[in-house]
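The chains referred to below are lettered A, B, ... by the order of the sequence lines, with proteins before strands, and numbering in each begins at 1.
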4 protein chains.
Amino acid sequence: MISSNGQGFILVCAGLGLVLPECTWTRLPSSSYRITYHASTCLSAVVTILNKVHHIDPLITRSISEFLDSMTKVGVLGAGRLGRATDIVKRMFDDPACFTYLSISGPMIPGGLRDIVRHLVEYKYVDAIVTSGANIVHDLVEAYGGAHYRVPAGKNDYELREAGMGRIADIFVKEGDFEKFEKGVYDFLDNLPEEKMTSLAPSEFLHDLGLAVKDEDSFVHHASINNIPIFSPGLMDSMLGFHLYTYSTTKKLSLDFVKDLRILGEIVTQTKKTGAVMLGGGLTKHFTMGSTILRGGLDMAVQITLDRPEGGSLGGAPLVEGVSWQKVQTEANFETVIGDATIIFPLLILGLLS
Amino acid sequence: MISSNGQGFILVCAGLGLVLPECTWTRLPSSSYRITYHASTCLSAVVTILNKVHHIDPLITRSISEFLDSMTKVGVLGAGRLGRATDIVKRMFDDPACFTYLSISGPMIPGGLRDIVRHLVEYKYVDAIVTSGANIVHDLVEAYGGAHYRVPAGKNDYELREAGMGRIADIFVKEGDFEKFEKGVYDFLDNLPEEKMTSLAPSEFLHDLGLAVKDEDSFVHHASINNIPIFSPGLMDSMLGFHLYTYSTTKKLSLDFVKDLRILGEIVTQTKKTGAVMLGGGLTKHFTMGSTILRGGLDMAVQITLDRPEGGSLGGAPLVEGVSWQKVQTEANFETVIGDATIIFPLLILGLLS
Amino acid sequence: MISSNGQGFILVCAGLGLVLPECTWTRLPSSSYRITYHASTCLSAVVTILNKVHHIDPLITRSISEFLDSMTKVGVLGAGRLGRATDIVKRMFDDPACFTYLSISGPMIPGGLRDIVRHLVEYKYVDAIVTSGANIVHDLVEAYGGAHYRVPAGKNDYELREAGMGRIADIFVKEGDFEKFEKGVYDFLDNLPEEKMTSLAPSEFLHDLGLAVKDEDSFVHHASINNIPIFSPGLMDSMLGFHLYTYSTTKKLSLDFVKDLRILGEIVTQTKKTGAVMLGGGLTKHFTMGSTILRGGLDMAVQITLDRPEGGSLGGAPLVEGVSWQKVQTEANFETVIGDATIIFPLLILGLLS
Amino acid sequence: MISSNGQGFILVCAGLGLVLPECTWTRLPSSSYRITYHASTCLSAVVTILNKVHHIDPLITRSISEFLDSMTKVGVLGAGRLGRATDIVKRMFDDPACFTYLSISGPMIPGGLRDIVRHLVEYKYVDAIVTSGANIVHDLVEAYGGAHYRVPAGKNDYELREAGMGRIADIFVKEGDFEKFEKGVYDFLDNLPEEKMTSLAPSEFLHDLGLAVKDEDSFVHHASINNIPIFSPGLMDSMLGFHLYTYSTTKKLSLDFVKDLRILGEIVTQTKKTGAVMLGGGLTKHFTMGSTILRGGLDMAVQITLDRPEGGSLGGAPLVEGVSWQKVQTEANFETVIGDATIIFPLLILGLLS
């Protein structure tokens with residue numbers, strides 16, 4: 001009656017007696033089973049299945065998907081988290097009833113992830129994007145002909161400033177490319193019909209902007225084509241927001257940020273299941289989690305971050321916290337991988353695409 | 001000719017010869033001096049003043065301001081950073097020509113800091129607040145009669161959810177108090193004149209809301225009274241934003257976020273000097289730094305954070321990065337203290353108030 | 001029957017019925033009480049006392065001890081942790097039956113803490129020191145006439161190397177001072193009786209070395225005078241260990257590290273209660289916690305660290321983990337403060353010395 | 001004369017004039033070139049090659065080695081660091097003249113890495129191991145028939161303690177397996193010749209112990225067979241050290257830790273080049289870096305860690321700091337990857353083994 005599951009073995013917790021016949025097995029989350037004894041003393045035992053750590057095999061693990069499988073089989077520490085996270089994301093992608101958010105905070109697009117994000121949008125693996133304004137800007141910088149570079153070693157910020165280059169960590173953009181970006185945005189605004197100048201929610205604005213972008217490599221463009229909404233609650237804090245502001249000093253222009261909550265609210269109430277993949281934290285993660293408040297929360301979530309939880313800010317808060325704000329459904333399936341998203345996220349996605 | 005400064009001694013760097021007469025001393029930042037020799041071989045030497053680490057005296061250090069002085073005299077590691085940060089904030093507060101931002105991200109108001117923030121606003125130590133929506137919400141929760149509590153030990157999120165309590169880290173708010181908050185906001189909206197329902201920038205909205213708040217302990221209230229603007233670029237991502245959204249499903253309501261950049265732009269261009277104290281990072285820090293882009297950046301800045309810089313997101317980015325985006329003036333005076341703002345910020349402010 | 005404790009109020013958890021008479025109150029840790037009903041249905045309820053967050057008062061909080069009291073009254077986030085940690089350390093110091101370890105990892109002595117550590121040793125607040133070799137070295141560097149300096153701004157490691165200076169973070173020591181240290185150690189070794197050259201445990205060696213040191217400001221010296229043992233399991237990995245090695249290439253010299261576990265084992269088995277204050281983590285923290293394994297663990301512990309726990313290494317591991325290795329007694333009293341020890345530790349100690 | 005390198009293009013820094021003929025190109029580190037003009041005005045320019053960020057291709061990147069190549073081509077943030085680190089480790093492995101250390105701190109062996117570490121030792125990719133005692137213990141636990149398991153979800157430390165299980169993060173070992181380990185160690189000690197009971201350095205002791213181990217999967221065993229020394233400066237702080245101590249209360253037993261520095265010193269002075277791969281930090285990293293002090297430092301080093309540098313302890317200290325202590329050769333080739341070593345290290349190694 002007590003059998004192993006092939007991976008480990010069953011240990012009856014100390015002090016809980018024998019396992020009696022006539023018991024019913026109820027599966028609990030996380031590999032525990034409750035056996036209810038149909039006996040007069042009304043005993044119950046929790047039988048726990050132990051998962052052994054399987055070491056990674058250096059002789060055969062060659063592909064990314066094999067690597068991710070081995071992470072699951074290690075099962076502990078960061079490796080285990082990555083393995084479980086991969087499985088959760090797979091279930092999000094495989095389930096047509098699951099509405100999947102991709103939340104991106106921090107310099108993901110300029111950090112090599114532009115094509116992967118576009119692929120997820122182009123082939124509809126995700127259903128909505130929540131992003132910082134910066135990631136939109138960096139997608140458009142490349143869409144308008146610019147590029148991102150690694151900061152030349154040895155240069156410090158003062159030298160970069162003198163040379164007309166702006167830096168985020170070790171990535172920089174030439175001021176000339178930012179000028180092309182500014183021109184692209186202004187041209188779009190010049191052509192925006194007057195009634196749209198003050199009535200659009202940010203997601204509607206980004207939809208129209210994406211349609212006007214001609215670059216097949218742009219994720220904003222493909223999001224528009226596929227009607228995948230892009231929400232950017234902090235949009236005004238970006239070069240795009242800055243240009244909207246400067247433009248608005250000459251022509252009437254405003255974005256209705258309250259409207260985006262109505263748009264999102266309508267979407268969310270119709271979903272059967274929701275999942276989220278959250279890179280980094282802060283506003284986009286909090287907004288993603290908060291948007292599901294009307295339906296009792298997210299069903300599945302994976303977070304990849306280097307932020308630590310103790311400061312109490314949402315960046316590194318364990319996903320469990322969402323439960324108390326009804327942001328993550330009770331018994332939701334979620335995992336946090338501590339790591340740099342520019343390494344972990346593409347690794348996980350490429351493994352799933354294999 | 002070479003003298004000590006009372007704190008250390010002067011070391012002529014190896015290999016740079018003797019100090020010759022007829023030299024002029026030019027003071028460089030960071031305690032270095034350039035001596036230009038008026039000699040045919042056009043030598044120059046950089047003379048460096050070394051600051052000795054002074055150990056903290058356990059017998060006499062009893063007040064907070066003595067403690068902060070000792071931090072400056074230690075001069076290294078976190079202690080040194082805290083000492084220098086204290087000095088920078090003092091200069092911000094003492095200089096009437098300095099326009100000082102206070103940027104608050106993360107659970108600062110519910111974390112014991114409500115009275116300190118209100119004090120800074122009430123006595124006009126700061127000139128503008130940039131905050132997450134959450135901090136405004138938590139100020140108003142208390143303004144409307146609620147309170148914040150420490151999560152009872154041993155309770156997990158599922159139990160809290162069942163018991164109607166929401167948690168941020170180890171702080172929670174009773175759902176009843178959130179209901180009072182909702183009622184307070186709705187009452188205010190019901191009384192808002194129609195023309196204001198779609199034309200206000202968030203800072204203008206918060207100004208009116210603050211005037212309607214009757215609690216003398218509220219920082220939002222005192223900000224309104226003193227005409228200290230509160231900017232909240234991510235306002236929609238908060239319980240306040242949520243209630244604006246729900247209200248907007250029944251009545252026309254929107255906030256003009258683009259307008260707040262015009263308001264801020266006008267303020268900033270008139271400032272002679274700008275300084276910022278930034279707790280936590282992310283959107284509010286980035287917005288604060290970005291707002292000074294029109295005047296070439298901040299002159300002084302102090303950041304208190306537990307975020308690490310390597311992920312490339314703005315939370316933990318060293319303040320130097322701002323230079324390349326013209327956010328921090330060349331030769332700006334800035335320091336980052338790695339620490340929990342609920343400890344470091346009140347310590348620093350109380351020391352200055354002494 | 002249900003009354004407030006002056007700090008909060010009592011909330012009967014949802015769904016747990018009325019409080020009946022004839023109940024006995026059993027105090028549980030963390031402010032929860034179990035009420036056992038003497039009734040046939042054998043109900044029990046857990047009544048929870050909620051602690052309200054009291055905001056820090058900017059008008060009256062001026063001394064360090066007032067500041068620490070306010071941290072306790074805030075009770076949440078880093079502030080709450082610091083408040084509780086202060087209380088735990090106070091109890092360690094006040095209880096004569098408590099054997100208190102001070103574990104120091106990372107550059108504490110060169111970071112301004114030399115006098116505070118010496119004070120704790122001189123006045124017997126602590127009963128044993130566990131330290132990295134580096135902290136011993138830096139104490140002796142100053143004992144032999146040297147000093148620590150803040151790295152001149154703008155210098156990078158290559159320049160420092162050229163100029164004969166070694167750096168740890170932003171602290172450096174002049175090579176000349178390291179030469180004095182080397183001479184001091186060699187002189188001591190030259191005078192060590194032959195039988196001691198191969199039979200001493202590191203703590204015995206450090207005891208003799210401390211007696212030979214003439215500097216009244218040295219903590220190693222005062223530890224020797226007060227017979228407070230200094231354990232340094234990683235001693236060989238330090239400049240002191242390096243000199244022992246170079247000396248041993250010319251004369252027979254060895255230290256018996258196994259013996260130090262016997263010495264420590266004997267001490268530990270005689271203690272009634274044990275407490276530990278641990279700055280930083282890694283080896284010294286693990287060794288401190290592990291040393292109590294024979295008596296079922298530490299009774300009280302406070303840890304001050306910036307390390308994060310997720311990597312699984314002991315630096316940032318929550319103190320709870322020690323329970324499973326029998327390192328921390330069940331119901332032990334422990335707290336972790338996330339912060340820079342050069343700020344938090346002196347703050348806490350100075351508050352207690354007040 | 002100015003040509004692109006296929007990856008980017010050449011930008012002449014602002015304000016530095018034209019590039020003149022008759023110039024000589026001197027290659028500087030990090031892709032910068034100095035052109036010296038042979039002209040009367042003695043101009044010089046630094047010409048900088050900019051590396052463009054190449055986005056990861058979701059359609060073709062399927063193997064681990066393709067993934068690591070794409071990391072190099074991204075070139076920025078964590079991805080860039082991982083790419084450069086992979087290249088450095090490859091050069092260490094490929095160069096027969098390079099003496100390569102593997103330093104392991106934190107729970108690597110029980111975290112799924114046992115077979116990978118053994119493979120590197122078995123096939124002599126590494127020349128010396130520096131490890132915490134814990135990793136040796138965990139290798140031997142499995143060698144003596146035990147295993148590692150993932151902690152059953154929902155169990156806390158008190159329950160684990162009751163059930164006789166010890167936990168490190170989310171890994172645990174059954175007390176029965178620790179008893180087998182204790183027996184294995186005691187049996188080995190019982191059979192150790194008397195003259196070896198007090199004269200061995202830890203590395204010599206571990207060599208003999210490894211020969212006595214019969215498990216072909218053990219890295220300690222293969223290290224002994226291949227005469228790859230294992231240094232463990234903190235060995236006494238581990239279950240192995242604990243058993244040596246308990247054994248020493250009944251029989252004379254000591255280890256000569258000073259001798260290991262002589263052994264290591266001899267090895268190091270004969271090396272032409274040294275490299276180190278350091279997982280985690282603290283003592284093992286510091287010891288590894290310090291051991292090369294006699295030859296002016298490491299030539300190449302890669303560090304994988306989640307520790308942050310600001311606390312000043314060696315765990316997260318950037319590798320550059322080693323230069324000032326002469327631990328890393330000037331112009332050494334080094335990189336730090338911020339990440340969980342249980343994910344990043346196997347990924348990097350498996351990519352190289354492909």
Sort by residue number and list every member of residues 261-270 of chain B having a non-hydrogen atom under 4.5 Å from chain A.
-> Leu261(B), Arg262(B), Gly265(B)
Mark yes when over 12 heavy atoms from residues, nucleotides or ligands other than Glu194(B) sit less than 6.0 Å from its CD; otherwise mark no.
-> no
First locate atom CG of Leu283(B), then atom CE of Met236(A), and finally report the distance between them rounded to the nearest 0.5 Å.
-> 11.5 Å
Looking only at heavy atoms, what is the nearest atom pair of Val258(A) and Ser254(B), with distance?
-> CG2-CA, 3.9 Å
Does any pair with a residue in residues 239-251 of chain B pass salt bridge (charged side-chain N to carboxylate O under 4.0 Å, His left out), and if so which ones, sequence neighbours excluded?
-> Asp190(B)-Lys251(B)
Say you draw a straight line from OG of Ser291(B) to OH of Tyr245(A); how long is it, rounded to the nearest 0.5 Å?
-> 10.0 Å
Measure distances from Leu235(A) to the heavy atoms of chain B and classify the residue's part below 4.5 Å as side chain, backbone, both or neither.
-> neither
Output the distance between atom CG (Asp237(B)) and atom CG (Asp260(A)), rounded to the nearest 0.5 Å.
-> 12.5 Å
Heavy-atom proximity to chain B below 4.5 Å, by part of Phe242(A) = both
